[in-house]
Amino acid sequence: MSSLKIAVAGASGRMGKMLIEAIDSAEDTILTGALGSSKNAFLGMDAGSSLGKVTGVNIEADFAKALANADYLIDFTRPEGTLEHLKFCAEHGIKMIIGTTGFDDAGKAAIAEAAKKTAIVFAPNMSVGVNVTLKLLEMAAKSFSHGYDIEIIEAHHRHKVDAPSGTALKMGEVIADTLGRDLKEVGVFSREGVTGERDPSSIGFATIRGGDIVGDHTVLFAGIGERVEITHKSSSRVTYAHGSLRAARFLADKKTGLFDMYDVLGLQ
């Protein structure tokens, strides 16, 4: 089997570096492109220079140059950047693995529309462990549908700009869907002052930002006399990188379509 030709968006960022290292280490993948913004201080430099590696691939701001030899683009950047990359990839048949979070409804609709032209895996978290956790939450919600209050607590590093995290929102969506509720109606994202008693149908969110926390998520099912906590903690971004490569392998025989990590891992 020939190597998967993969480009990385945000190549000089924390996640970008982790992806480049994972691609370089895997036997069936090869780095063929690296995207950076026009203001990126590393433009023109080898994408592996900060890792002490020579990849032969320079970081480029020009989409055509960066993606000329790529069959896949892995993108963990910001919604506005990802949507620009999405247009180019859809037009040129480049498959995408999108781990970017913070999209509004219009952004999600644009991804769905682009999937009619190319194959896309779109998930708020590429970690295998997180996606197994989502399946566990679906099972738990069925059993704790009555008499249990549901709260989601997430913690991330000080540099994360969106809140709650995409993973926390996905957890809320999975639980709400299982219970036949709409998260937009039952989600509670802030509490201050005299809030009154808790609405038993609500799903609460609490956000923590600090230090270098990679990503911690806990869902609390609190009943009378007992509580159950389902927790996932990430100690390294490498799990997101490895999940992204699994997603790329999954797309190898797909020409179009929108998929998520449940599809990749066979958890549907």
Side-chain angles (χ1 to χ4, degrees), residues 2-26 28-38 40 42-43 45-48 51 55-103 107-108 110-127 166 237-238 240-261 263-264:
S2 58
S3 295
L4 304 180
K5 299 176 181 178
I6 301 175
V8 172
S12 63
R14 291 182 297 274
M15 192 63 219
K17 293 175 184 177
M18 192 67 72
L19 285 164
I20 289 168
E21 191 151 30
I23 292 167
D24 184 64
S25 299
D28 61 343
T29 60
I30 182 171
L31 183 72
T32 60
L35 264 174
S37 73
S38 59
N40 193 303
F42 297 93
L43 285 182
M45 296 177 61
D46 191 285
L51 300 169
T55 66
V57 174
N58 291 339
I59 298 175
E60 303 281 357
D62 184 273
F63 294 179
K65 286 184 180 179
L67 302 176
N69 299 311
D71 294 324
Y72 305 81
L73 174 65
I74 302 178
D75 193 327
F76 281 76
T77 57
R78 294 284 300 131
E80 56 273 19
T82 299
L83 292 175
E84 288 298 316
H85 305 155
L86 180 73
K87 293 176 186 177
F88 186 91
C89 288
E91 290 172 2
H92 295 83
I94 298 170
K95 301 173 185 181
M96 287 191 76
I97 296 89
I98 300 175
T100 303
T101 60
F103 289 102
K108 292 176 183 178
I111 292 171
E113 187 64 26
K116 297 176 181 178
K117 297 181 179 180
T118 190
I120 299 172
V121 171
F122 173 42
N125 197 304
M126 296 289 172
S127 158
R237 292 178 181 82
V238 70
Y240 309 143
H242 290 165
S244 298
L245 297 190
R246 286 185 70 160
R249 296 179 187 110
F250 171 82
L251 291 180
D253 62 350
K254 312 291 190 299
K255 294 187 179 297
T256 60
L258 180 60
F259 307 94
D260 60 20
M261 286 301 286
D263 296 306
V264 174

Output the distance between atom [atom1] ([X]) and atom [atom2] ([Y]), rounded to the nearest 0.5 Å.
X: K108; Y: I98; atom1: NZ; atom2: CD1; value: 12.5 Å
X: N58; Y: M45; atom1: CG; atom2: CE; value: 9.5 Å
X: I120; Y: D260; atom1: CD1; atom2: CG; value: 12.5 Å
X: S3; Y: I23; atom1: OG; atom2: CD1; value: 11.5 Å
X: Y72; Y: I97; atom1: OH; atom2: CD1; value: 7.5 Å

Least distance between heavy atoms, [X] atom then [Y] atom:
X: S12; Y: N40; answer: OG-ND2, 2.8 Å
X: A47; Y: A34; answer: CB-CB, 3.8 Å
X: I20; Y: L51; answer: CG2-CD1, 4.0 Å
X: F250; Y: D253; answer: O-OD1, 3.4 Å
X: T256; Y: K116; answer: CG2-O, 3.5 Å
X: L43; Y: S38; answer: CD1-O, 3.5 Å

Using atom types as modelled and distance alone, determine if a side-chain donor or acceptor of [X] lies under 3.5 Å from a backbone N or O of [Y].
X: K95; Y: K254; answer: yes
X: T118; Y: I94; answer: yes
X: D46; Y: G56; answer: yes

Side chains of [X] and [Y] in contact at under 4.5 Å (non-hydrogen atoms):
X: F76; Y: M126; result: yes
X: F63; Y: L35; result: yes
X: L245; Y: I74; result: yes
X: V121; Y: M261; result: yes

_Audit row: Y240, M15, side-chain contact (heavy atoms from CB on, under 4.5 Å) steps and yes/no_ = CA-CA 8 Å; Y240 309 143; M15 192 63 219; 3.5 Å; yes
Considering only distance and modelled atom types, tabulate donor-acceptor pairs under 3.5 Å from the side chains of residues 80-90, sequence neighbours left out.
from	atom 1	to	atom 2	distance (Å)
T82	OG1	D75	OD1	3.0
T82	OG1	D75	OD2	3.4
T82	OG1	T77	OG1	3.0
T82	OG1	R78	O	3.1
T82	OG1	T100	OG1	2.8
H85	ND1	D75	OD2	2.6
H85	ND1	G81	O	3.3

*Which residues pass the ring pair (Phe, Tyr, Trp, His ring centres under 6.0 Å) test with F122, sequence neighbours left out?*
F103
_Among L19, I6, V8, D24, the one residue meeting side-chain contact (heavy atoms from CB on, under 4.5 Å) with L31_ = V8
